[in-house]
Amino acid sequence: MNRTRRFLGLLACWVGLLGLSATGVVIAGPSSAQAATGSATSSTTSSGTSTGTGAVTSVMVTFAAPHPHRLRALAQRRGIDRRERAARVARLLPSPAVRRHAARSLRARGFTITQQTPWSLTATASAAAVRDAFGARPTSPTASYATTPAFLGDGVDAVLPSSAAAGEVMPLNTVLSGSDFRSAYSGGTSSGQSLTGQSASSRTIATLQFSSYNTSDITNYATANGLAQPNLTRVDVGTTNTDTSGSVEVALDQESILSTAPTAKQRVYVATNSSDNWVPLLNRIRTDAASDTSIVALSISWGMCETGSRGTVNSAFATNIDNALASLSAAGVTIFAASGDSGLYCPTTGGTSVTLPASSPNVVAVGGTTLTRTGSNWLDSTWSCASAQTCLSNGGAGGGQSVLFARPTWQTNTLSGSYAAGSNRLVPDISAIGDPSTGFRVLNQGAWGTYGGTSLSAPVAASLFTDALAESSISSSTRPGDIHQALYGSYQTSRSSVFRDVTSGQIGAAADSSLPTCAGDGYDVASGLGAVQWPALIARLGQTTTDAPVATAATSCPVAATTTSTTTTSTPGPTAHVTVTVGRHRGHRARVFASWSTVARSTLGLATTRVVVTDLTSHRVLLRTSGQTGVRSVLARVGHRLRVVVTPRDVAGKGTSVSTTRRVR
């Protein structure tokens with residue numbers, strides 16, 4: 001047990017893999033699968049940190065989505081056959097001419113192209129050549145070089161150093177099986193029976209991995225549990241990964257999928273543990289999905305803190321991953337990602353942070369619950385932790401508000417109450433079994449152990465989705481892709497039949513968050529929309545709603561006492577004025593100025609004023625700041641729409657947010 005604790009300590013970085021932990025031990029870790037930078041799990045690559053003129057280093061050039069709205073709209077289209085969908089996705093990827101120009105320009109300067117995808121290319125050269133082309137190397141692998149030189153041409157988002165490790169492993173506990181999960185999250189099919197798990201032989205569930213594994217573990221697991229041998233294919237992307245230090249994560253994914261969707265095929269996509277490999281992995285899955293319509297779901301248990309020990313993840317790096325996820329979703333694959341295992345917090349910094357890629361609007365972010373049974377009845381409560389100390393030491397379901405992505409319309413049009421304010425993506429969307437005390441028994445490296453975390457929640461959700469899809473009347477060649485409209489639309493119109501509300505538990509201290517940290521009636525960042533009853537959700541695919549937002553209220557956690565003697569319900573809070581002006585153009589970007597001032601409308605003192613500038617076209621947050629008055633500028637792409645939200649609050653927490661939008665011309 002001490003060896004396990006020491007080993008996992010070596011793996012800890014600023015980001016890490018989703019929650020696992022050896023039996024009886026809960027290891028502090030990042031909010032769900034989180035990408036690490038330079039840990040014991042890092043692969044050896046050609047990139048280096050030496051600044052010597054002869055040292056070889058590498059860069060990753062990321063490309064912008066030419067039509068991001070059309071790409072995301074395609075993900076929600078139904079009734080398109082495989083060939084037409086693949087053709088439409090191809091037209092929405094960055095232009096091959098843009099990629100060729102960037103590659104030629106780099107080769108002309110002595111670079112060697114080592115890897116290309118539709119969304120990025122990686123090139124190596126001497127440190128001196130890189131410095132001459134791009135300037136000083138950033139200290140963080142997710143921070144872009146200060147300038148994007150004109151020689152790369154239009155369509156380039158950023159140039160990043162490479163490579164950071166893509167994830168770390170954190171084991172956790174277990175006692176339930178796939179048959180329990182099918183029973184707990186069925187809600188009864190139209191015939192009143194739970195999902196059988198026996199009809200998904202024509203469907204494939206993909207997983208994304210940054211560790212190798214023992215092939216004998218899952219076959220021996222199947223034999224020990226009386227299951228048929230899995231139909232499992234390994235796909236290596238790039239250099240073959242032989243490092244099995246994260247094999248427990250792979251075993252948890254494979255074996256929980258086999259137990260929950262025993263007839264479904266599995267495809268395991270494996271690359272070395274490097275941040276450079278996120279986009280190549282996603283692109284390979286998209287390429288395979290274009291010709292193989294059986295791939296219906298992807299489960300991701302790796303990721304990174306949006307804000308970590310090396311600062312906020314660079315927005316271009318995040319957008320590059322988000323674009324690859326969008327094109328994969330548009331190809332018809334439904335993506336599930338773990339929301340994290342440290343509550344509101346990043347495990348390596350203690351600060352608050354949600355997890356990428358769970359924070360991407362193209363992903364169904366899955367939080368964790370404690371699942372219990374009384375007779376034939378199942379109950380979910382939040383996998384809870386009440387403070388930074390307990391969340392980081394004992395674990396808890398990840399959740400919170402993104403700093404990288406704007407709030408999607410399916411959240412802004414659905415949520416009210418505590419979650420109406422704000423302009424950023426909320427995580428998670430849904431929840432499923434995650435608490436290691438009610439986790440899952442895994443065979444890893446020939447040894448049995450009990451595991452949990454949202455590394456269990458994500459593959460279980462992907463498996464139940466696949467089971468329910470297979471047992472519905474939907475054609476086996478039909479893939480739903482993005483299901484957020486169905487999730488949030490069902491929450492508005494059929495909430496009680498599609499979701500089991502999670503109304504107890506919390507994911508951190510209220511003082512550490514601008515949002516309620518506890519579960520309550522309706523949506524909350526502790527559990528999302530709740531536990532999905534999958535057959536009922538599948539029956540509502542393709543349905544939309546224009547109903548008014550559903551009120552939410554977090555009521556089950558204690559809240560700090562506040563002084564109310566000097567305020568009444570009729571006392572107005574502060575409001576603000578805001579203006580946006582577009583300044584000088586710099587190529588395909590322009591300098592945009594946001595100015596604001598707070599207007600106090602009561603005698604109460606002003607506590608804070610928050611300002612958020614969001615690019616609505618690319619779903620990126622360009623600026624977060626505060627101050628009663630101010631003027632700040634950002635660089636934004638010409639043609640994109642920006643939104644500025646100013647949120648003043650007095651000492652009683654009251655105030656009226658003001659927003660304005662402006663297209664950059």
Side-chain angles (χ1 to χ4, degrees), residues 18-19 21 26 28-32 172-174 176 181 184-185 337-345 347 352-355 358 364-374 377-401 415 417-419 426-440 452-458 460-461 487 491 495 499-513 515-533 552-559:
L18 241 69
S21 101
V26 179
S31 324
S32 77
L172 298 171
N173 265 327
T174 163
L176 300 176
F181 306 151
Y185 300 114
S339 71
D341 300 327
S342 300
L344 295 167
Y345 310 96
T352 59
S353 177
V354 296
T355 297
V364 178
V366 189
T369 69
T370 301
L371 179 64
T372 56
R373 175 171 51 188
T374 302
N377 297 319
W378 292 93
L379 174 67
D380 286 273
S381 57
T382 301
W383 175 30
S384 295
C385 54
S387 66
Q389 180 180 356
T390 58
C391 292
L392 295 169
S393 60
N394 299 329
Q401 187 166 213
L415 307 179
S418 302
Y419 298 98
L426 298 174
V427 175
D429 295 308
I430 61 173
S431 288
I433 168 72
D435 187 342
S437 66
T438 57
F440 183 80
T454 52
S455 275
L456 175 61
S457 309
V460 165
L487 285 168
Y491 176 77
R495 175 176 155 191
F499 300 97
R500 180 167 58 241
D501 201 3
V502 181
T503 59
S504 62
Q506 65 188 103
I507 57 170
D512 295 335
S513 174
L515 296 170
T517 62
C518 54
D521 179 39
Y523 182 89
D524 49 69
V525 293
S527 63
L529 299 168
V532 181
Q533 307 305 292
T552 59
T555 58
S556 59
C557 304
V559 295

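Note: Arg373 CZ to Thr438 OG1 = 11.5 Å, rounded to the nearest 0.5 Å. Remark: Leu176 CG to Trp378 CH2 distance equals 5.5 Å, nearest 0.5 Å. With values rounded to the nearest 0.5 angstrom, Leu344 atom CG is found 10.5 Å from Ser387 atom OG.
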After noting the C-alpha distance and the side-chain angles of Leu515 and Tyr419, does the key distance pass the side chain to side chain contact (heavy atoms under 4.5 Å, CB included) rule? CA-CA 7 Å; Leu515 296 170; Tyr419 298 98; 4.0 Å; yes
Tell me, with the steps shown, if Ile430 and Val364 meet side chain to side chain contact (heavy atoms under 4.5 Å, CB included). CA-CA 7 Å; Ile430 61 173; Val364 178; 3.8 Å; yes
Should Phe499 and Val532 be marked as a side chain to side chain contact (heavy atoms under 4.5 Å, CB included) after you check the CA-CA gap, both sets of side-chain angles, and the distance that decides it? CA-CA 5 Å; Phe499 300 97; Val532 181; 3.8 Å; yes
Could you walk me through whether Thr517 and Asp512 satisfy the side chain to side chain contact (heavy atoms under 4.5 Å, CB included) test, starting with their C-alpha distance in whole Å, then the side-chain angles of each, then the deciding distance to 0.1 Å, before giving a yes or no? CA-CA 9 Å; Thr517 62; Asp512 295 335; over 6 Å; no
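For Ser457 (side chain) and Ile433 (main-chain N/O), a donor-acceptor pair under 3.5 Å exists by modelled atom type. Checking side-chain atoms of Ser384 against main-chain N and O of Gln506 turns up a donor-acceptor pair under 3.5 Å. Judged purely by atom type and a 3.5 angstrom limit, Thr374 has no side-chain atom pairing as donor or acceptor with the backbone of Asn377.
Within the 4.5 Å cutoff, side-chain heavy atoms of Tyr345 are placed close to those of Thr352. Side-chain contact check for Ser339 versus Val427: some heavy-atom pair is nearer than 4.5 Å. Inter-residue side-chain proximity for Trp383 and Ser437 is flagged as unmet; no heavy-atom pair is nearer than 4.5 Å. Counting heavy atoms from C-beta on, the side chains of Val354 and Val525 never come closer than 4.5 Å.
Tested against Thr370, the residues Asp380, Asp435, Thr382 include a single side-chain hydrogen bond (donor to acceptor under 3.5 Å, both in side chains) partner, Asp435.
Listed here is the closest heavy atom pair of Gly343 and Cys385: CA-SG, 4.1 Å. For Ala458 against Ala337, the heavy-atom pair with the smallest separation is CB-C, 4.0 Å. When all heavy atoms of Ala519 and Ala526 are compared, the closest pair comes out as N-CB, 3.8 Å. Residue Gly452 comes nearest to Ser455 through the heavy atom pair O-CB, 4.5 Å, listed as atom of the first residue, atom of the second, then distance. Contact detail for Pro428 and Gly367: the closest heavy-atom pair is CB-N, 3.6 Å. Of all the heavy atoms in Ser527 and Ser431, the pair that sits closest is O-OG, 2.9 Å.
Residues Thr503 and Asp501 have side chains that never bring a donor and an acceptor to within less than 3.5 angstrom of each other.
Annotation: Tyr523 is not in aromatic contact with Tyr491 [ring centroid separation under 6.0 Å not met].
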